[in-house]
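Please read the structure below before turning to the comments.
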Amino acid sequence: NAGVMQNPRHLVRRRGQEARLRCSPMKGHSHVYWYRQLPEEGLKFMVYLQKENIIDESGMPKERFSAEFPKEGPSILRIQQVVRGDSAAYFCASSPNLDTEAFFGQGTRLTVV
Amino acid sequence: KNEVEQSPQNLTAQEGEFITINCSYSVGISALHWLQQHPGGGIVSLFMLSSGKKKHGRLIATINIQEKHSSLHITASHPRDSAVYICAVSPYNTDKLIFGTGTRLQVFP
């Protein structure tokens, strides 16, 4: 049972481009969480999804950011028209149920140039 | 004031020393997590606890729900323990984790 898989590990985008970050949860896990870690700051919650549903997106910026977790395939965090301030490490975590331990991926480090 | 506070922010130790990292929180929680992050690396979940004490190898985590405080102890520290240790809480009736800013530990041989 592979752990939470995120790809790419590193992503470089020019300002104005789109960034797509992928997260494959652990087998049997239907809950996915995205967190962002800005340079020299702590982790912050972005969004919580279950299969085909966004449960809580209270931590997502109102514009340019979206997330999905389709019935088939990985969860995708999409950032449109990236800006320098989007440069951060984006971590995905998955769990089998609410209120159980979440397992984290290796993160995607996004650099906007 | 952050809802999750960790101390110290930075910690340096000699190999073999006993290490304690503290976490205080101000919200009601269903669980508290201790996480480890190596530089440039992913995040590993060390413990999830809601009461008492848990032990895994040289790591021990304790929590006092009444005092809203948790500690992570490392016995016989080793240079490979060098990492950032992050405390996070699961508040009641929410689905998100709230994180402390982390404690950066360096263990020298």
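Letters A, B, ... are given to chains in the order of the sequence lines, protein chains preceding strands, and every chain is numbered from 1. Atoms considered below: every heavy atom in the structure, side chains included; atoms not considered: hydrogens, waters and symmetry mates.
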Please determine whether a side-chain nitrogen of the Lys or Arg among D81(B) and R58(B) lies less than 4.0 Å from a carboxylate oxygen of the Asp or Glu.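 Counted as a salt bridge, because a side-chain N and a carboxylate O are separated by less than 4.0 Å.
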Taking every heavy-atom pair that is under 4.5 Å apart, which of Q37(A), E41(A), Q6(A), R9(A) has the most such pairs with chain B?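 Of Q37(A), E41(A), Q6(A), R9(A), Q37(A) has the most heavy-atom pairs under 4.5 Å with chain B.
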Taking atom [atom1] as the centre, does [X] end up with more than 12 heavy-atom neighbours from other residues, nucleotides or ligands that are less than 6.0 angstrom away?
| X | atom1 | result |
| --- | --- | --- |
| M48(B) | CE | yes |
| K51(A) | NZ | yes |
| E67(B) | CD | no |
| Q81(A) | CD | no |

Heavy-atom distances under 4.5 Å only: say whether [X] touches chain B with side chain, backbone, both or neither.
| X | value |
| --- | --- |
| Y33(A) | side chain |
| S58(A) | side chain |
| A89(A) | neither |

I98(B) versus chain A, the contacting section by heavy-atom distance below 4.5 Å: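 Interface part for I98(B): neither.
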Give the member of G41(B), S30(B), G102(B), S90(B) that has the highest number of heavy-atom pairs under 4.5 Å with chain A.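 Among the listed options, the one with the most contacts to chain A is G41(B).
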